Amino acid sequence: MKKEENEYTIPLTGLAFGHTEYQYVIGDSFFGKRDYSEVQNGVVNLHLDVEKLETMFILTLNFEGKVVLQCDRCGDDYEQPVEGSAEIFLKYGAEDNDEDGDVIFITKNDNEFDLGNLFYEYIILSLPIHRVHENESDCNQEVLDMLYNADEDEDEGENDTNQAWSEMMKQLKDKLDN
């Protein structure tokens with residue numbers, strides 16, 4: 001069975017010492033392959049510099065672009081700019097107890113390294129926590145109207161519930177007093 005070729009895999013053996021640069025355009029198909037990804041569409045330009053040293057590789061990545069997210073306020077899709085950078089170290093050897101998220105241990109037997117998951121993680125980590133249209137006026141106004149009116153309807157419903165509860169308590173008290 002032939003192994004599926006991955007465009008985000010870099011060779012470890014055969015790579016010349018020094019710097020090697022890669023350019024990637026990450027698009028809809030990249031995000032669509034990820035199960036349960038909140039990003040299904042987008043275009044992100046990514047530049048990767050791989051520096052090969054005797055005992056490790058230093059990966060420097062820089063990216064910027066736009067992804068489509070669902071607005072937390074109205075539920076409609078909107079474009080979210082993303083950008084970021086990272087420095088990751090691929091080191092030969094056994095994993096130490098040092099908890100450093102930027103160090104990945106590899107063995108001398110590893111011929112290549114798949115960067116797809118790393119790219120995805122760094123893009124997702126660059127997303128804001130509160131994901132909304134930049135301007136509230138860009139939100140779906142029908143949804144906003146329903147949200148604002150739901151608060152008023154809820155307050156009215158609470159009064160009805162409180163009155164019903166008060167009436168029940170009064171009736172119970174009357175029965176206990178008799």
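From a predicted model like this one, the values you see are computed outputs, not experimental measurements.
Side-chain atoms of Glu136 never come within 3.5 Å of backbone atoms of His133 as a donor-acceptor pair (strictly under, hydrogens ignored). Side chain of Lys66 to backbone of Gln80: no donor-acceptor contact under 3.5 angstrom is found. For the pair Asn135 (side chain) and Ser137 (backbone), a donor-acceptor distance under 3.5 Å is absent. Although no hydrogens or angles enter the test, the distance criterion places no donor-acceptor pair under 3.5 Å between the side chain of Asp110 and the main chain of Ile106. Side chain of Asp28 to main chain of Gly42: a donor-acceptor pair is present (N/O by atom type, distance under 3.5 Å, no hydrogens or angles). Checked by atom type and distance alone, the side chain of Ser126 pairs as donor or acceptor with a backbone atom of Ile123 at under 3.5 Å.
Tyr8 has its ring centre less than 6.0 Å from the ring centre of Tyr24.
We find the OH-OG distance between Tyr122 and Ser85 to be 9.5 Å, quoted to the nearest 0.5 Å. Taken from CG in Leu15 to CD in Glu112, the straight-line distance is 12.5 Å, to the nearest 0.5 Å. The CG atom of Asp114 lies 4.0 Å from the OG1 atom of Thr9; values are rounded to the nearest 0.5 Å. Remark: His130 NE2 to Arg73 CZ distance equals 5.5 Å, nearest 0.5 Å.
By the neighbour-count criterion of 12 heavy atoms within 6.0 Å, atom CD of Gln23 is densely surrounded, having more than that number from other residues, nucleotides or ligands. In this structure, Gln40 places its CD atom where more than 12 heavy-atom neighbours from other residues, nucleotides or ligands lie under 6.0 Å away. In the displayed structure, Glu83 atom CD is contacted under 6.0 Å by at most 12 heavy atoms of other residues, nucleotides or ligands.
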